[in-house]
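To start, the structure under review is shown below, and the notes come after it.
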Amino acid sequence: YARPADRTRPFRPFVAVTPSPWSEGRQIVHIGLQGYDIPRAQQPPLNLVFLIDTSGSMSDEDRLPLAKKALNLLIDQLRPQDRVAMVAYAGSAGAVLGSTGGDQKLKMRCALGALESGGSTAGGAGLALAYALAQQNFDPRAVNRVILMTDGDFNVGVADPSKLKDFVAEKRRTGVYLSVYGFGGGNYNDALMQALAQNGNGTAGYVDTLNEARKTFRDDFSGSLFPIADDVKVQVEFNPARVSEYRLIGYETRLLNREDFNNDQVDAGEVGSGTSVTALYEITPAGAKPSSDPLRYGARRPAPVPTGGELAYLKVRYKLPGQSASRLIERPIGSADAYASVESAPEPTRWALAVAGFGQKLRHDP
């Protein structure tokens with residue numbers, strides 16, 4: 001999507017409306033948000049803690065060995081003003097590298113290279129130590145972040161997802177972000193990874209190959225580490241005179257209550273430098289056949305307010321990093337955003353529809 005030019009208004013909304021390629025008579029409302037890309041010279045310093053799972057379940061080639069290669073790619077990107085500490089955990093947790101300047105890359109690589117897998121998984125203790133190190137070296141001008149590399153198989157100490165979720169939510173208030181990267185299959189605990197990232201002002205990713213590691217820690221380095229906005233919320237209100245029903249495709253774990261949109265105390269997603277956010281709604285236009293029978297005793301809808309042909313209204317609420325008060329971007333969605341066919345729609349819309357269609361097929365979505 002087109003990039004915004006102003007760091008204080010870090011998103012530029014993109015909107016397109018097309019016929020649904022998989023459901024006759026329905027339409028897709030495609031909403032994209034492109035994030036501001038912080039120039040390299042203006043990126044703040046980093047205060048990172050690598051938190052590395054070295055338990056026995058991480059011994060396979062696509063787990064600890066791949067995690068070490070991924071972190072070496074990240075070390076390549078560090079500048080002298082950046083700092084890194086490392087914590088490893090198996091049956092217990094311990095610091096393997098104190099806070100070290102970004103110009104001491106060999107020291108970091110040696111600490112990584114010495115790590116070996118074995119034992120059980122005291123993930124909760126590892127998280128506690130990593131956050132303690134991040135706060136010990138906390139810099140209010142820097143991006144302070146814990147980077148967790150694990151298969152999520154926490155089985156010693158605090159392993160209850162709800163307790164771990166509460167722990168990272170509490171630590172979020174200290175200004176330390178959390179990034180969670182998953183490795184391996186079989187016992188991989190995706191639900192726990194998502195819960196930790198969503199409650200820790202952070203992002204979750206999955207790394208299964210060296211190419212994916214290169215994309216995450218080299219090509220998308222800025223988006224992975226430098227936040228441009230916290231607690232980003234998107235709300236779409238559909239005009240009942242034009243839309244009889246809708247569904248959001250995906251984002252099942254990120255849904256908010258309507259009343260939480262204006263509540264700045266409610267946590268939402270973080271967005272990194274230069275990254276984009278995509279949402280697709282499938283709608284049934286008023287007058288078309290709905291997916292279910294109308295309610296016999298349903299409440300009558302009030303007469304629609306004249307809106308000049310508006311299909312919907314888009315609101316985006318966000319906080320600039322370190323700020324507690326949110327800001328608002330809003331715009332109507334109308335006929336000027338509509339395309340007669342998928343083929344005539346912009347390339348980002350055709351691409352998003354292809355990905356969403358494939359994702360639904362993988363889930364056996366009817």
Side-chain angles (χ1 to χ4, degrees), residues 1-14 32-50 70-85 99-105 108 133-147 171-181 197 200-205 213-234 264 267-278 316-329 348:
Y1 311 122
R3 294 184 182 276
D6 185 354
R7 190 171 183 169
T8 62
R9 188 180 169 92
F11 299 110
R12 177 183 289 187
F14 167 97
L33 296 178
Q34 180 60 52
Y36 175 78
D37 197 4
I38 305 172
R40 178 79 169 160
Q42 296 176 22
Q43 291 171 348
L46 295 166
N47 169 35
L48 305 178
V49 179
F50 297 165
L71 287 174
N72 270 310
L73 287 166
L74 196 159
I75 289 170
D76 288 340
Q77 316 299 317
L78 296 176
R79 305 155 298 174
Q81 64 266 39
D82 301 326
R83 302 196 68 79
V84 166
S99 185
T100 302
D103 53 352
Q104 299 184 57
K105 292 182 170 60
M108 297 176 191
L133 275 176
Q135 286 179 258
Q136 186 178 313
N137 301 291
F138 188 87
D139 180 352
R141 301 172 297 107
V143 172
N144 301 276
R145 186 183 291 270
V146 172
I147 296 177
K171 293 298 181 184
R172 180 181 74 227
R173 301 185 184 95
T174 67
V176 178
Y177 292 77
L178 175 68
S179 293
V180 181
Y181 294 101
N201 246 16
T203 53
R214 289 190 184 107
K215 179 180 184 301
T216 302
F217 296 108
R218 187 184 64 194
D219 304 345
D220 298 342
F221 176 75
S222 295
S224 301
L225 291 178
F226 297 101
I228 55 168
D230 294 337
D231 293 342
V232 179
K233 304 171 185 176
V234 179
D264 285 352
D267 180 55
E270 166 214 327
V271 176
S273 173
T275 59
S276 56
V277 178
T278 297
V316 181
R317 192 170 283 287
Y318 65 95
K319 296 174 188 170
L320 293 177
Q323 296 190 2
S324 56
S326 64
R327 305 182 181 203
L328 183 66
I329 298 172

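Residues take their numbers from the sequence shown, with the count starting at 1.
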- Passes side-chain contact (heavy atoms from CB on, under 4.5 Å), Val146 versus Val176? Steps please. CA-CA 7 Å; Val146 172; Val176 178; 4.0 Å; yes

Of all heavy-atom pairs between [X] and [Y], which one has the smallest distance, and what is that distance?
X	Y	result
Leu33	Phe11	CB-CD2, 4.1 Å
Tyr36	Ala5	CE1-O, 3.6 Å
Ile228	Gly35	CD1-CA, 3.5 Å
Gln77	Phe217	CG-O, 3.4 Å
Ala229	Pro10	CB-CG, 4.3 Å
Arg79	Gln43	NH1-O, 3.0 Å

Can you tell me how far [atom2] of [Y] sits from [atom1] of [X], rounded to the nearest 0.5 angstrom?
X	Y	atom1	atom2	result
Ile75	Asp82	CD1	CG	11.5 Å
Phe50	Tyr181	CZ	OH	10.5 Å
Arg40	Phe221	CZ	CZ	5.5 Å
Gln104	Arg83	CD	CZ	7.5 Å
Ile147	Ser224	CD1	OG	8.5 Å

- Message: Around atom NZ of Lys105, are there more than 12 heavy atoms from other residues, nucleotides or ligands closer than 6.0 Å?
- Response: yes

Taking [Y]'s backbone N and O only, do any of them form a donor-acceptor pair with [X]'s side chain (distance below 3.5 Å, no angle check)?
X	Y	value
Asp264	Ala325	no
Asn144	Gln135	no
Ser273	Ile38	yes
Asn47	Asn137	yes
Arg145	Leu225	yes
Gln34	Gly274	yes

- Message: With side-chain hydrogen bond (donor to acceptor under 3.5 Å, both in side chains) as the test, pick out the partner of Asp231 among Lys319, Gln323, Arg317.
- Response: Lys319

